[in-house]
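Structure, as structure tokens:
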Amino acid sequence: MINAVDHIGIAVADLEESMGLYKTIFGVTEFHREKVEEQGVDIASFTLNGVRIELTASLNEDSPIASFIAKRGEGIHHIAFRTDTLTDDLQRLASNDIRLINSEPQLGAHDMLISFLHPKSTGGVLMELCSEKQ
Ligand code: ZN
């Protein structure tokens with residue numbers, strides 16, 4: 001079941017600069033830092049009352065974040081929802097004509113399994129489903 005907002009992914013061009021901005025706005029003192037090579041991203045995140053804000057920069061020019069920033073500039077990239085039934089959700093969504101970017105779960109940050117849904121079939125919102133590894 002999809003049961004919570006897990007995090008909001010924000011595409012940023014310069015991670016250090018963005019961390020400074022979020023320090024100024026929210027007084028964040030500690031960020032979780034992580035590179036996820038599989039997704040081509042460098043992440044700095046912090047949590048506000050259980051919802052993680054994930055500042056995401058690209059590690060290389062071919063990453064989805066790099067092409068997102070090239071097309072649209074920095075900003076909100078995706079909303080991630082937590083589920084405890086990821087594989088079942090993907091099957092259910094696919095059978096309801098929701099286009100999946102990842103029909104198989106991928107490894108994401110925080111050692112979570114993730115799959116993206118295509119914004120063309122979700123009203124323009126890039127949605128990610130994520131789940132703890134079983
Ligand atoms: Zn995410």
Side-chain angles (χ1 to χ4, degrees):
M1 191 169 81
I2 301 170
N3 50 27
V5 173
D6 186 82
H7 64 271
I8 297 171
I10 297 176
V12 306
D14 183 317
L15 203 50
E16 298 297 326
E17 201 176 295
S18 288
M19 286 165 66
L21 178 63
Y22 280 76
K23 269 179 200 165
T24 303
I25 298 171
F26 296 102
V28 183
T29 51
E30 257 186 74
F31 289 89
H32 166 86
R33 295 294 308 268
E34 186 174 351
K35 286 184 169 68
V36 185
E37 304 284 347
E38 287 86 346
Q39 309 293 331
V41 294
D42 193 4
I43 284 172
S45 65
F46 64 97
T47 302
L48 280 177
N49 198 21
V51 177
R52 210 162 60 239
I53 305 296
E54 214 161 79
L55 308 176
T56 309
S58 64
L59 281 174
N60 56 63
E61 286 175 12
D62 321 316
S63 80
I65 290 289
S67 51
F68 178 90
I69 290 175
K71 273 189 226 152
R72 307 213 222 164
E74 295 180 297
I76 294 178
H77 181 254
H78 65 273
I79 301 180
F81 299 91
R82 185 180 280 261
T83 177
D84 49 15
T85 52
L86 182 56
T87 311
D88 292 349
D89 293 329
L90 295 177
Q91 280 174 6
R92 177 175 58 83
L93 296 172
S95 68
N96 281 284
D97 295 325
I98 303 291
R99 217 165 116 195
L100 308 176
I101 294 175
N102 315 108
S103 50
E104 296 295 326
Q106 315 278 305
L107 187 62
H110 298 270
D111 215 24
M112 305 273 280
L113 292 174
I114 64 170
S115 286
F116 283 97
L117 314 183
H118 201 286
K120 284 223 162 83
S121 51
T122 58
V125 178
L126 177 58
M127 295 181 184
E128 175 190 327
L129 299 183
C130 62
S131 121
E132 305 274 358
K133 271 206 249 173
Q134 301 294 316

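For the numbers below, each heavy atom of this structure counts, side chains included, while hydrogens, waters and symmetry mates do not.
How far SG of Cys130 is from CG of Asp84: 11.0 Å, rounded to the nearest 0.5 Å. Expressed to the nearest 0.5 Å, how far CG of Leu48 lies from OH of Tyr22 amounts to 10.0 Å. Ile2 CD1 to Leu93 CG: the interatomic distance, rounded to the nearest 0.5 Å, is 6.0 Å. Atoms CD1 and OG1, from Ile10 and Thr56 in turn, are 8.0 Å apart once rounded to the nearest 0.5 Å. Taken to the nearest 0.5 Å, the CD atom of Glu54 stands 8.0 Å off from the CG atom of Asp6. A distance of 11.5 Å separates OG of Ser45 from CD of Glu30, quoted to the nearest 0.5 Å.
Legend: residues meeting ring-ring contact (aromatic ring centres under 6.0 Å, His included) with His77, ordered by chain and number and at least two apart, are Phe68. For the salt bridge (charged side-chain N to carboxylate O under 4.0 Å, His left out) test, no residue two or more places apart in sequence or in another chain qualifies with Glu128. Applying the ring-ring contact (aromatic ring centres under 6.0 Å, His included) test to His32 and every residue at least two apart in sequence or in another chain returns His110. Here Val28 pairs with Phe26, Phe31, Phe46 under the side chain to side chain contact (heavy atoms under 4.5 Å, CB included) rule; sequence neighbours left out. Scanning for salt bridge (charged side-chain N to carboxylate O under 4.0 Å, His left out) contacts around Asp111 gives Lys133, with sequence neighbours left out.
One hydrophobic cluster, built from ILVMFWY side chains closer than 4.5 Å, holds both Ile79 and Leu90. Hydrophobic clustering (side-chain heavy atoms under 4.5 Å, transitive across Ile, Leu, Val, Met, Phe, Trp, Tyr) keeps Leu59 apart from Ile114. Under a hydrophobic clustering in which Ile, Leu, Val, Met, Phe, Trp and Tyr are joined whenever their side-chain heavy atoms come within less than 4.5 Å, directly or via other members, Ile43 and Ile53 fall into different clusters. The cluster map of Ile, Leu, Val, Met, Phe, Trp and Tyr, joined by side-chain heavy atoms under 4.5 Å apart, puts Phe81 and Leu100 in the same cluster. Residues Ile76 and Ile69 do not share a hydrophobic cluster, defined by chaining ILVMFWY side chains whose heavy atoms lie under 4.5 Å apart.
Of the possible polar contacts, one joining the Gln106 side chain to the Glu104 backbone as a donor-acceptor pair under 3.5 Å is found. Side chain of Thr83 to backbone of Met1: a donor-acceptor contact under 3.5 angstrom is found. At least one donor-acceptor pair under 3.5 Å links the side chain of Ser121 to the backbone N or O of His118. Listed for the Asn102 side chain is no donor-acceptor partner under 3.5 Å among the backbone atoms of Pro105. Under the 3.5 Å distance criterion, the side-chain polar atoms of Asn96 are left unmatched by any main-chain donor or acceptor of Ile98.
When side chains are defined from C-beta on, His7 counts as touching His78, because their heavy atoms get closer than 4.5 Å. Between Arg92 and Thr85 there is no side-chain heavy-atom pair separated by less than 4.5 Å.
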Side-chain polar contacts of residues 12-21 - donor-acceptor pairs under 3.5 angstrom, sequence neighbours left out - could you list them?
from: Asp14; atom 1: OD1; to: Glu16; atom 2: N; distance (Å): 3.1
from: Asp14; atom 1: OD1; to: Glu17; atom 2: N; distance (Å): 3.0
from: Glu16; atom 1: OE2; to: Arg33; atom 2: NH1; distance (Å): 3.3
from: Ser18; atom 1: OG; to: Asp14; atom 2: O; distance (Å): 3.3

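Here the closest non-hydrogen pair linking Gly40 and Asn60 is CA-ND2, 4.0 Å.
Here the rule is side chain to side chain contact (heavy atoms under 4.5 Å, CB included) with Leu107, and of Glu38, Met112, Gln39 only Glu38 fits it.
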